[in-house]
Number of protein chains: 2
Amino acid sequence: MTAPATTRGRLVRAASELLEEAGYATASVAAIAERAGLATGALYRHFPSKAELFVEVFRNVAEAELVAMESAAERSSGFEERLAAVIRTYATSALRNRRLAWALVYEPVDPLVDAERLAYRRRYCAGMADLLREGVRTGAIPEQDVEVAAAAVVGAIAEALVGPLSPLPGGAQSEPAIVAAIVGFCRGAIGLTAGSRGKESTS
Amino acid sequence: MTAPATTRGRLVRAASELLEEAGYATASVAAIAERAGLATGALYRHFPSKAELFVEVFRNVAEAELVAMESAAERSSGFEERLAAVIRTYATSALRNRRLAWALVYEPVDPLVDAERLAYRRRYCAGMADLLREGVRTGAIPEQDVEVAAAAVVGAIAEALVGPLSPLPGGAQSEPAIVAAIVGFCRGAIGLTAGSRGKESTS
DNA sequence: TTGATCTGTGAATCCCGATTCACTAGCCTG
DNA sequence: CAGGCTAGTGAATCGGGATTCACAGATCAA
């Protein structure tokens with residue numbers, strides 16, 4: 001986000017940008033190096049392989065994402081607010097950059113990078129499970145299988161936001177509306193009273 | 001499922017099997033041909049490319065899946081039963097063969113094959129949206145954004161079942177329990193009263 | 001029987017992107 | 001300034017899998 005002072009930093013930056021713009025597949029070593037203003041060989045002075053470079057890219061992005069969600073959770077108090085804040089944070093960020101979100105969640109990558117992504121998802125899912133557990137403990141939501149519920153919540157958000165079926169491509173809707181619909185969906189899903197469910201009037 | 005009478009059929013069969021067993025990446029032309037008892041070149045007598053072969057494979061599997069779900073829906077009456085039947089059908093089949101389900105939903109494939117997969121998901125999602133719309137119309141579930149809800153339901157199921165975070169790999173649970181948890185989750189998600197939510201007792 | 005067409009063979013070829021490597025340029029240190 | 005280090009160059013190499021192709025056998029119609 002700030003200054004890619006070092007060459008290494010510029011490479012990471014270039015790789016991130018290409019990932020955002022055109023996906024992992026298009027982010028060839030040649031392209032990355034060129035964008036960083038280097039020749040292909042130089043990349044290997046800084047990373048043992050393309051995969052390792054992307055491990056770092058993924059780690060960066062994922063870390064930032066997780067931090068944002070954690071701080072969002074801390075900023076709000078009470079189970080319901082926390083849940084909404086976490087979902088909204090993720091949803092908003094994913095919506096801001098769909099391609100990146102897609103790469104982070106679904107896009108095919110080397111096994112090495114995949115491991116990183118998996119770790120990220122696990123942490124995200126674990127965090128969600130913790131949150132749900134808290135809700136169950138305090139009686140905010142009914143007894144339930146929090147592991148499955150957490151996975152399902154994560155999946156629901158991901159699919160609704162970045163999946164190939166996501167609403168925008170087809171029947172355009174405003175982003176806030178989508179986010180609201182998702183929050184409502186998830187609330188109901190885990191047993192909170194529903195509140196608004198996105199669409200107020202029959203269209 | 002029945003007789004791979006024609007050579008073409010044997011190729012499709014072989015490709016499906018390899019897809020199930022080890023995924024798209026491992027299903028090289030050489031491997032497919034070998035399993036079908038042919039030399040690599042022969043494949044090209046029947047399909048213009050590997051991708052086109054897999055388009056057919058995907059189409060077959062997806063078609064069967066959709067038919068199964070439709071017939072499940074028709075066999076049951078009333079919104080709640082229909083919904084449960086559809087989810088249970090999908091969940092059960094995915095659980096029976098996770099690898100295939102994964103390939104069908106997430107695994108990296110050529111653009112050509114991807115288009116086929118996308119079409120399949122769209123149809124599935126559209127079906128779900130129709131079902132939800134019916135629910136809204138009959139008053140079984142509250143007014144809501146059925147498009148987003150349908151996508152979220154599909155995503156929740158997929159993630160909970162075949163996603164890398166899915167419960168089985170880690171903390172083993174019985175399949176029926178997972179299916180039940182998912183059905184409960186989805187019921188709540190769209191605004192049905194929850195009923196059982198999978199876990200009856202605090203573990 | 002002849003030859004035309006179809007199906008199959010499998011080694012050779014192509015393609016394409018990651019990786020290597022011989023070499024250059026700047027820079028610090030004694 | 002020589003020697004040694006780091007950073008960088010970009011063409012050549014490598015690897016792996018899809019695709020092609022020159023060459024059979026088999027079948028069938030005339």
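All heavy atoms count here, side chains included; hydrogens, waters and symmetry mates do not. Every chain is numbered from 1, with letters handed out A, B, ... down the list of sequences.
- The footprint of chain B on DNA chain C, defined by a heavy-atom cutoff below 4.0 Å, extends from C/dT7 to C/dA11.
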**Message:** Return a single string for nucleotides 21-27 of chain D, one symbol per nucleotide in 5' to 3' order, where B is base contact, S is sugar-phosphate-only contact and - is none, cutoff 4.0 angstrom on heavy atoms.
**Reply:** -------
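- Judged by distance alone, with hydrogens and angles left aside, the side-chain atoms of A/Arg187 form no donor-acceptor pair with the main-chain N or O of A/Ala84 at under 3.5 Å.
- In this structure, the CG atom of A/Leu38 is 18 Å from the P atom of D/dT6, given to the nearest Å.
- Here the closest non-hydrogen pair linking A/Ala150 and A/Leu132 is N-CD1, 3.7 Å.
- Taking the side chain as every heavy atom from C-beta outward, B/Leu19 and B/Arg99 never approach each other to under 4.5 Å.
- Annotation: of the two residues near DNA chain D, A/His46 and B/Pro48, the 5′-most nearest-nucleotide partner is A/His46.
- For DNA chain D, the residues of residues 20-36 of chain B within the heavy-atom distance limit of 4.0 Å (strictly under) are B/Ser28, B/Val29, sorted by number.
- The CZ atom of A/Arg8 sits 10.0 Å away from atom CG of A/Leu43, with the distance rounded to the nearest 0.5 Å.
- Here D/dG17 presents its C1' atom at 13 Å from CZ of B/Phe54, a figure rounded to the nearest Å.
- Applying the side-chain hydrogen bond (donor to acceptor under 3.5 Å, both in side chains) criterion to B/Ser76, with sequence neighbours excluded, gives no partner residue.
- Residues passing the side-chain contact (heavy atoms from CB on, under 4.5 Å) test with B/Ala22 are B/Thr26, sequence neighbours excluded.
- Around atom CD of A/Glu34, no more than 12 heavy atoms belonging to other residues, nucleotides or ligands sit under 6.0 Å away.
- Residue pairs that meet the ring pair (Phe, Tyr, Trp, His ring centres under 6.0 Å) test with at least one member in residues 39-84 of chain A, sequence neighbours left out, are A/Tyr24-A/Phe54.
- Closest non-hydrogen pair, B/Ile87 versus B/Val183, comes out as CG2-CG2, 3.8 Å.
- The interatomic distance linking B/Asp110 (CG) with D/dT19 (C1') rounds to 14 Å, in whole Å.
- A donor-acceptor pair shorter than 3.5 Å can be found between the side chains of B/Arg75 and B/Ser71.
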